[in-house]
Amino acid sequence: MTPEDQEETQPLLRPPGGSAPRGRLVFLAAFAAALGPLSFGFALGYSSPAIPSLRRSAPPAPHLDEDAASWFGAIVTLGAAAGGVLGGWLLDRAGRKLSLLLCALPFVTGFAVITAAQNLWMLLGGRLLTGLACGIASLVAPVYISEIAYPEVRGLLGSCVQLMVVTGILLAYLAGWVFEWRWLAVLGCVPPSFMLLLMCFMPETPRFLLSQHKRQEAMAAMQFLWGSAPGWEEPPTGAEHQGFHVAQLRCPGIYKPFIIGISLMAFQQLSGVNAVMFYAETIFEEAKFKDSSLASVVVGVIQVLFTATAALIMDRAGRRLLLTLSGVVMVFSTSAFGAYFKLTEGGPSNSSHVDLPAPVSMEPADTNVGLAWLAVGSMCLFIAGFAVGWGPIPWLLMSEIFPLHVKGVATGVCVLTNWFMAFLVTKEFSSLMEVLRPYGAFWLASAFCIFGVLFTLACVPETKGKTLEQITAHFEGR
């Protein structure tokens with residue numbers, strides 16, 4: 001064990017006698033950082049109402065055909081993959097706070113370019129810029145929040161990252177009922193602008209400041225966030241860490257978190273959730289729903305409610321239990337949704353429609369109407385299950401499991417994996433449904449959900465109630 005390893009396992013920030021801090025401004029700081037995830041949730045959801053609007057547009061406004069619409073929905077994930085790499089670099093060099101401030105610029109610029117778009121290339125360029133900002137925010141916001149939170153509320157505050165993402169998606173769906181694509185893009189500039197304003201008054205994380213040997217600034221940050229800096233002790237930091245080196249992958253404290261973080265991000269996307277959210281209206285049209293846009297809003301509401309529930313119980317139930325239960329629910333729901341498409345295969349394309357506000361009849365007029373309700377039930381069950389576990393927890397664990405000196409590189413790799421997988425799934429989802437048929441595509445997603453559950457039970461440790469340094473010590477076998 002090296003001196004650096006010994007120091008890494010000690011709590012950098014700890015209250016004497018085990019008392020918990022009582023400051024409440026930590027919640028304000030977490031909210032300010034979570035406006036970044038709100039912005040990228042809006043950017044993700046933007047394509048769902050904007051694509052139909054752009055397909056209806058007449059010259060001289062830009063118009064989307066089938067292939068262009070596919071790129072318009074998927075290119076944001078390519079930008080986000082690049083943003084994950086850039087965010088990992090910024091995280092260690094510019095710090096957590098400045099990285100969040102900087103990611104507001106491509107958000108606002110990207111939506112401004114979309115607002116002024118006169119052709120397809122401007123639309124795609126704006127989406128690429130918002131994607132770049134999404135990648136940075138999806139990496140930096142969880143890390144910032146995990147480093148300012150004390151263990152008793154880290155699960156709650158960390159889960160708010162995903163809560164703000166799904167809230168942003170829902171806001172995009174709701175606003176899509178009222179605004180056409182240009183005004184919808186103008187609305188997308190609002191959350192990052194508020195984040196830029198609020199984060200100017202928030203401190204850098206105490207852990208990052210201590211890693212830079214800025215003890216006085218760290219004490220001031222603790223005073224602001226927790227209200228009682230004098231009661232906190234700082235152990236000697238010893239030799240300065242020199243960052244990540246490939247040779248460190250031989251250490252269990254490095255390669256084990258790497259495997260867990262990358263695998264969780266891959267399984268999250270292979271469950272098909274981004275394809276479901278990007279093409280929610282199309283999926284519900286396939287399921288023969290009369291008002292597919294309303295169905296998308298209902299799904300968004302369910303996602304927000306269950307993600308909020310997960311945030312409230314995260315520090316009680318723990319990460320492993322919620323991941324496992326979430327995965328089991330997703331297995332059953334994707335299997336049922338595949339069964340719906342299998343049973344309706346070859347039937348008339350417009351033989352039945354279900355109007356969501358109408359009451360469910362106990363004896364439907366025909367079999368297809370009952371099967372359509374199987375579809376909406378399966379979709380809602382999937383969204384609820386995902387929101388409770390596999391939505392928030394991979395991002396939360398990513399911010400918890402890596403040692404401080406490799407966090408920038410490690411979280412960058414995890415975010416790159418997540419967004420690259422999101423691009424593949426989103427871009428090729430339609431093609432996959434043609435090759436495997438819709439039922440085969442959803443049954444394949446069910447198989448990946450099963451692998452995710454097995455991986456959780458075999459490899460993922462419980463982190464609730466532990467300091468970040470205790471989590472690092474667990475991976476190193478101490």
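In this text, all values refer to a predicted model and were calculated from it rather than measured experimentally.
In this structure, a donor-acceptor pair under 3.5 Å is present between the side chains of Ser446 and Ser335. Defined by atom type and a distance below 3.5 Å, a donor-acceptor pair is missing between the side-chain atoms of Thr307 and Gln162.
Ser263 places no side-chain N or O within 3.5 Å of a backbone atom of Ile260 that could act as its donor or acceptor partner.
The aromatic rings of Trp390 and Phe267 stand perpendicular to each other, their planes meeting at an angle above 60°, with 30° marking the opposite boundary. Under the 30°/60° scheme for interplanar angles, the aromatic rings of Phe111 and Phe42 are found to stand perpendicular.
Electrostatic pairing of Arg96 and Glu147 counts as a salt bridge here, judged by a charged N lying under 4.0 Å from a carboxylate O.
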- Trace of the side-chain hydrogen bond (donor to acceptor under 3.5 Å, both in side chains) decision for Trp181 with Thr115: CA-CA 8 Å; Trp181 61 274; Thr115 302; over 6 Å; no
- Message: Would Tyr439 and Trp443 count as a side chain to side chain contact (heavy atoms under 4.5 Å, CB included) here? Give the steps.
- Response: CA-CA 6 Å; Tyr439 64 86; Trp443 285 345; 3.5 Å; yes
- Message: Could you walk me through whether Ser146 and Leu396 satisfy the side chain to side chain contact (heavy atoms under 4.5 Å, CB included) test, starting with their C-alpha distance in whole Å, then the side-chain angles of each, then the deciding distance to 0.1 Å, before giving a yes or no?
- Response: CA-CA 8 Å; Ser146 73; Leu396 174 61; 5.7 Å; no
- Query: Does the pair Arg154 and Glu400 meet the rule for a salt bridge (Lys or Arg N to Asp or Glu O under 4.0 Å), with working shown?
  - Reply: CA-CA 9 Å; Arg154 195 175 63 240; Glu400 292 180 323; 2.8 Å; yes
- Query: Could you walk me through whether Phe382 and Phe332 pass the ring-ring contact (aromatic ring centres under 6.0 Å, His included) check?
  - Reply: CA-CA 8 Å; Phe382 175 87; Phe332 282 105; over 10 Å; no
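Side-chain contact between Phe208 and Tyr144 is absent, with no heavy-atom pair separated by less than 4.5 Å. Using a 4.5 Å heavy-atom cutoff, the side chains of Met164 and Leu35 are in contact. In this structure, Thr417 and Ile262 have side chains that are in contact, with non-hydrogen atoms separated by less than 4.5 Å. Leu264 is not listed as a side-chain neighbour of Met398, based on a closest heavy-atom distance of 4.5 Å or more. Taking the side chain as every heavy atom from C-beta outward, Leu397 and Leu323 approach each other to under 4.5 Å. Using a 4.5 Å heavy-atom threshold, the side chains of Leu432 and Phe442 count as separate. Residues Thr324 and Leu457 form a side-chain contact, since some pair of their non-hydrogen atoms from C-beta on lies under 4.5 Å apart. Between Tyr46 and Ile114, the closest side-chain pair of non-hydrogen atoms falls below 4.5 Å.
Across all their heavy atoms, Pro192 and Ala104 have their closest contact at O-CB, 3.7 Å. Taking both residues in full, the closest heavy atoms of Pro37 and Ala33 are given as CD-O, 3.2 Å, listed atom of the first, atom of the second, then distance. In plain terms, the two heavy atoms of Leu225 and Ala29 that are nearest each other are CD2-CB, 3.7 Å. Annotation for Ile401 and Ile471: closest pair CA-CG2, 3.9 Å, computed over non-hydrogen atoms. Among all heavy-atom pairs drawn from Leu132 and Pro106, the shortest one is CD2-CB, 4.5 Å. Listed here is the closest heavy atom pair of Phe386 and Gln303: CD2-NE2, 4.1 Å.
Remark: Trp89 CH2 is loosely packed, at most 12 non-hydrogen atoms of other residues, nucleotides or ligands lying under 6.0 Å away. Sparse packing is recorded around CZ of Phe194, with 12 or fewer heavy atoms of other residues, nucleotides or ligands lying under 6.0 Å away. The number of heavy atoms from other shown groups lying within 6.0 Å of CZ (Phe420) does not exceed 12.
Ring to ring, Phe40 and Phe107 are not that close: their centroids are 6.0 angstrom or more apart.
Summarising the geometry, atom CG belonging to Leu38 is positioned 10.0 Å from atom CE belonging to Met195; distances are rounded to the nearest 0.5 Å.
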